[in-house]
Amino acid sequence: MEPVDRPSEIVAPYDPGQVETKWRARWAERGTNVANIANAARPYYALMMFPYPSAEGLHVGNMFAFTGNDIFARFQRMQGLDVFEPLGYDAFGIHSENYALKVGVHPAEMIPRNIANFRRQLERGGLMVDWSRSLSTTDPEYYRWTQWVFLQLYKKGLVHKKAAAVNWCPTDKTVLANEQVINGECERCGSKVEQRFLEQWFFAISSYAERLLNNLDTLDWSETTKTAQRNWIGKSEGAEIWFDGIKVFTTRADTIYGATYVVLAPEHPLVDAHTTESQRAAVESYRERAARRDLVSRKTTKEKTGVDTGSTVTNPATGEKIPVWISDYVLMEYGTGAIMAVPAHDERDLEFAHGFELPVKRVVHEDDTLIESGEFTGMTVHAAKHAIVASLAARGKASPVTNFRLHDWCISRQRYWGPPIPIVYCDDCGVVPVPEKDLPVLLPMIDDFKPDDSGISPLARHDEWYRVPCPTCGRMARRETDVSDTFLDSAWYFLRYPSVGDDTVPFDAAITKKWLPVDSYIGGNEHAVLHLLYSRFVTMVLCDMGLIGFEEPFTKFRAHGLIIREGAKMSKSKGNVVNPDEYIDTWGADAFRTYLMFLGPFEEGGDFRDKGISGVKRFLDRLWASVRDRVAGGPADREVERKLHATIKKVGEDIPRLSYNTAVAAMMEYMNVLRKSDRVPSRAEVEPLVQLVAPFAPHLAEELWEQLGHDASIFDSRWPSFDPSLLAQDEIELVVQVNGKMRGKISVPVDVTQDAALSLAMRDPAIAKFVASPPRKVVFVRGRLLSVVV
RNA sequence: GCUCGGAUGGCGAAAUGGGUAGACGCGAGGGACUUAAAAUCCCUUUCCCCGUAAAAGGGAGUGCCGGUUCGAGUCCGGCUCCGAGCACCA
């Protein structure tokens, strides 16, 4: 039965606060946003990166990103898909811990408060989030499975413990992440950061480098994100070459005839063996100085230092004896920790050679052919690379090697606020992983969680916690006291969401098969490398273990842009932060959402201008009024009808491209056309517009949909379709150019021929006056323009 | 230094299989309604020249310099500036 046109006689003026409160309650009551996880016919997983629940509350940048995802999700639902839009909290980590230390509140107390506040703000934003499947990484029912992930990788042989250099602040007595070291100084106290060697747990992500790189070609991700990952993985093909007992890595084997010395990293194990007695003291003192330099300043200082070891090795190509130096411009972590230096063709080597008066020998001519290179002279660089490696390889002096700059992932943190690493050390059994049945290893509630001078986790002060029986032999043993990196929490959370509620498994096999991989993922490009790479790695490993059936977690990924205000990124110190609550109070969540989407392209972000929201609010007010005042019936006017169908087409094309700003503009245009016709709009003219607006302004759309007589949610209605035949026009405006300049427009039938168009154009005096002589050439683009050349 | 983005009115921005540059919105100016204000509604709004009661005309214009083309914001070559990321990776 056709619904009656006016179920409610008088519609009150549009009051966003009232409408939004009503519909949030209605959605909760009806379970509108709860996905049918078990029985969905056409599952669609629309994910956004979960936030860190800060004490400051939700940031506009969060709202911008979440709204962008929400619009896409709601649109997909109106296409008839069963959409799952979950949201949780990334609440472990150094950020929470430092903040807790600063304000003197325990993180275990602070985080639930922050989450409650986030939840309140997120709900006000009108997101279609299925709150029945939320999660927090700090919940033991979540992190027991984070520990489980660790154990799976351990089982697969991808977890190792080794000593590694870390940044150490002697004042704060803590390990610092690289991001916390500014110009070699601690960001908090300003003291000079030192380098320390500590035992750390590593995930062998580098053994997946080739696959992580190759799979990128199969992903529907923005190119900038893929490029960032390619650069980070940093594949480089070259060769390892023996200079007597020293193996170097190079990508420029073609320049070997110009290699005039060899350089070892200061911590290279062969340094001792290659140091002569007379140089020993100098070498030792250099090594000590180098060890004390922190990682950051070592990697940013350009000026080259170094010491001659006094010994020489043979250049395997020339047979010449060349000196061996040590310098910290050669990094132990990359390649073999040793290089052949070719100062003529490498900037860094040249700088070093100049500093220490080492010889410089050119071996490549400007046209990329080799000179002074023995039998290889005259070859191109490209050909020589292969020929030289092949020739050296034949003598057992070289082999082709591919190197990656991707390092193994250090996952241990000497901190408190994270999941304890599930390992036990037993004097008899050695390193024993905690059995899965004993998970979670609970993070104990301790008050003295401030890091100290020891360089080990605060948990190590609590023997009542770390002293446990060995899971294997039952004798007293001790727990690992480090916790794992926050990035491990977020490297698998997308697997958990659909299975939240089932505490017997990390993710249910059938549900996972139905819902994953994630269909659409939206987040910030600041995670282009770390989070997105770690998630891909963990997914690949779980796939290899047969635990899931796909190796890439995110089929499609789009990065959203940044919101700036007054020309700068929002920050408390600049005082340009926008509080979403205030805007929603004043304008309503629908206007706020729509404005955020309108202020610029979603993937680029934009400038938040305080008054900009008024235009969007006006549009929503007009929509409200046009539905309120509508008359029954269909379009009264061919122009309006055409515009309506063009708008349905445009908005339907723009939303999947995340071109939200132009979708909003198109709806505004339609509204303007509707208003111009100077009559009361009809039901059929406004009803589809309410549906188009729904993803942007969901509360308002629901309210208007109800006023139009519908009982069910507008989000269970089908997206309106357009009739292509209505878009076709009989008469079009043809642009006429003369010598490339626009000289006029003529109204012609859509199927006009070139000749007919030309003669029509010549009849227009404003155009004809520019055509003094017969045309030399005429270009005719059907339906677009006529270009006359004289 | 390397990589990736970007540069269009007073402002946020539209438009790329080359085809009317500035849609949509903000701001600004003017007007209607009102005792008044707010709200609402209407008009104008890239720059320059000529000119008018109002108009009609003409020229220039998408960071800069060149090129291809009947035609370039869009394609090609060479720059400048801004932003982000990586940064001694051999």
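In what follows, chains are A, B, ... by sequence order, proteins preceding strands, each numbered from 1.
- Across the C1' atoms, rA60(B) and rG5(B) are found 30 Å apart, a figure rounded to whole Å.
- Annotation: rU69(B) and rC86(B) have their C1' atoms spaced 40 Å apart (nearest Å).
- Put simply, CG on Leu264(A) is 18 Å from P on rA90(B), counting in whole angstrom units.
- A salt bridge does not link Glu685(A) to Arg630(A): none of the charged nitrogens lies less than 4.0 Å from a carboxylate oxygen.
- A donor-acceptor pair under 3.5 Å is formed between the side chain of Arg593(A) and the backbone N or O of Phe696(A).
- Contact detail for Lys226(A) and Leu219(A): the closest heavy-atom pair is NZ-O, 2.7 Å.
- Toward the 5′ end of RNA chain B lies the nearest nucleotide of Arg675(A), the other residue of the pair Arg252(A) and Arg675(A) mapping further downstream.
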Listing, residues 741-753 of chain A side-chain donor-acceptor contacts under 3.5 Å, not counting sequence neighbours, or none:
from	atom 1	to	atom 2	distance (Å)
Ser747(A)	OG	Glu731(A)	OE1	3.0
Thr753(A)	OG1	Ala756(A)	N	3.2

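- Going from atom CD of Glu603(A) over to atom P of rG6(B) covers 11 Å, rounded to whole Å.
- Arg743(A) comes within 4.0 angstrom of the backbone, heavy atoms only, and of no base.
- Listed nucleotides rC86(B), rG59(B), rC70(B) differ in distance to Lys741(A); the shortest reach to its side chain belongs to rG59(B).
- rG83(B) and rG31(B) have their C1' atoms separated by 43 Å, with the value rounded to a whole Å.
- Defined by atom type and a distance below 3.5 Å, a donor-acceptor pair is present between the side-chain atoms of Asp408(A) and Ser206(A).
- Of the residues Trp587(A), Phe608(A), Tyr583(A), the one that meets the ring-ring contact (aromatic ring centres under 6.0 Å, His included) test with Tyr595(A) is Phe608(A).
- The phosphate of rA90(B) has OP1 or OP2 within less than 4.0 Å of a side-chain N or O from Tyr334(A).
- Counting only heavy atoms from C-beta outward, the side chains of Arg558(A) and Phe602(A) never approach each other to under 4.5 Å.
- Straight-line distance between the C1' atoms of rU45(B) and rG71(B): roughly 29 Å, to the nearest whole Å.
- Computed from coordinates, the Asp621(A) CG to rC41(B) P distance equals 9 Å when rounded to whole Å.
- Among the duplex regions that RNA chain B forms, those built from at least three successive Watson-Crick or G-U pairs under 3.5 Å are B:1-7 with B:80-86, B:10-12 with B:24-26, B:27-32 with B:40-45, B:46-49 with B:57-60, B:63-67 with B:75-79, ordered by first number.
- Using a 4.0 Å heavy-atom criterion, one finds that Phe780(A) contacts no nucleic acid atom at all.
- Rounding to whole angstrom units, OH of residue Tyr595(A) and C1' of rC11(B) are separated by 10 Å.
- With respect to Lys304(A) and Asp349(A), no salt bridge is recorded, no charged nitrogen being found less than 4.0 Å from a carboxylate O.
- Sparse packing is recorded around CZ of Arg784(A), with 12 or fewer heavy atoms of other residues, nucleotides or ligands lying under 6.0 Å away.
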Atom pairs, N/O to N/O, protein against nucleotides 46-51 of chain B, distance under 3.5 Å?
none

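- Of the C1' atoms belonging to rG73(B) and rC88(B), the separation is 41 Å, rounded to the nearest Å.
- Against the 90° criterion about 0, the sugar-base torsion of rG71(B) places it in the anti range.
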Reading nucleotides 20-33 of chain B from the 5' end, what letters show protein touch, with B for base, S for backbone sugar-phosphate only, - for no heavy atom under 4.0 Å? B--BBBBS------

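- Checking Arg675(A), Lys643(A), Lys676(A) one by one against Glu669(A), the salt bridge (Lys or Arg N to Asp or Glu O under 4.0 Å) holds for a single residue, Lys643(A).
- Counting to the nearest Å, the P atom of rC2(B) and the CG atom of Asn231(A) are 13 Å from each other.
- Rounded to the nearest Å, the gap between the C1' atom of rC26(B) and that of rC79(B) is 35 Å.
- Nearer the 5' end of RNA chain B, as judged by each residue's closest nucleotide, is the contact made by Leu562(A), out of Leu562(A) and Ala338(A).
- Side chain of Arg405(A), nearest nucleotide from rA87(B), rG58(B), rC70(B): rA87(B).
- Nucleic acid contact class of Ser787(A) (heavy atoms, under 4.0 Å, all strands): base.
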Determine, stepwise, if the pair Phe352(A) / Tyr261(A) fulfils ring-ring contact (aromatic ring centres under 6.0 Å, His included). CA-CA 11 Å; Phe352(A) 191 82; Tyr261(A) 60 103; 5.7 Å; yes

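- One interatomic measurement links the two molecules: CZ of Phe64(A) to P of rG12(B), which rounds to 16 Å at whole-angstrom precision.
- For residues 237-258 of chain A, the side chain to side chain donor-acceptor pair (under 3.5 Å) pairs, not counting sequence neighbours, are Glu240(A)-Lys247(A), Asp244(A)-Thr314(A), Arg252(A)-Asp254(A).
- Taking atom C1' on both rA13(B) and rG25(B), the two are 9 Å apart, rounded to the nearest angstrom.
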Could you list the donor-acceptor pairs under 3.5 angstrom formed between side-chain atoms of residues 648-657 of chain A and any protein atom two or more places apart in sequence or on another chain?
from	atom 1	to	atom 2	distance (Å)
Lys649(A)	NZ	Glu653(A)	OE2	3.1
Lys650(A)	NZ	Asp654(A)	OD2	3.1
Asp654(A)	OD1	Arg657(A)	NH2	2.6
Asp654(A)	OD2	Thr662(A)	OG1	2.8
Asp654(A)	OD2	Ala663(A)	N	3.4

Please assess Lys617(A) against Asp590(A) for the test salt bridge (Lys or Arg N to Asp or Glu O under 4.0 Å), listing each intermediate value before the final yes or no. CA-CA 9 Å; Lys617(A) 180 59 167 40; Asp590(A) 285 333; over 6 Å; no

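- For the pair Leu599(A) CG and rA14(B) C1', the computed distance is 15 Å after rounding to whole Å.
- Nearest to the side chain of Thr227(A), among rG12(B), rC4(B), rA90(B), sits rC4(B).
- Atom-to-atom, CG of Asp629(A) to C1' of rU40(B) comes out at 13 Å; the value is rounded to the nearest Å.
- As rounded to the nearest Å, rC75(B) and rC2(B) have P atoms that lie 23 Å from one another.
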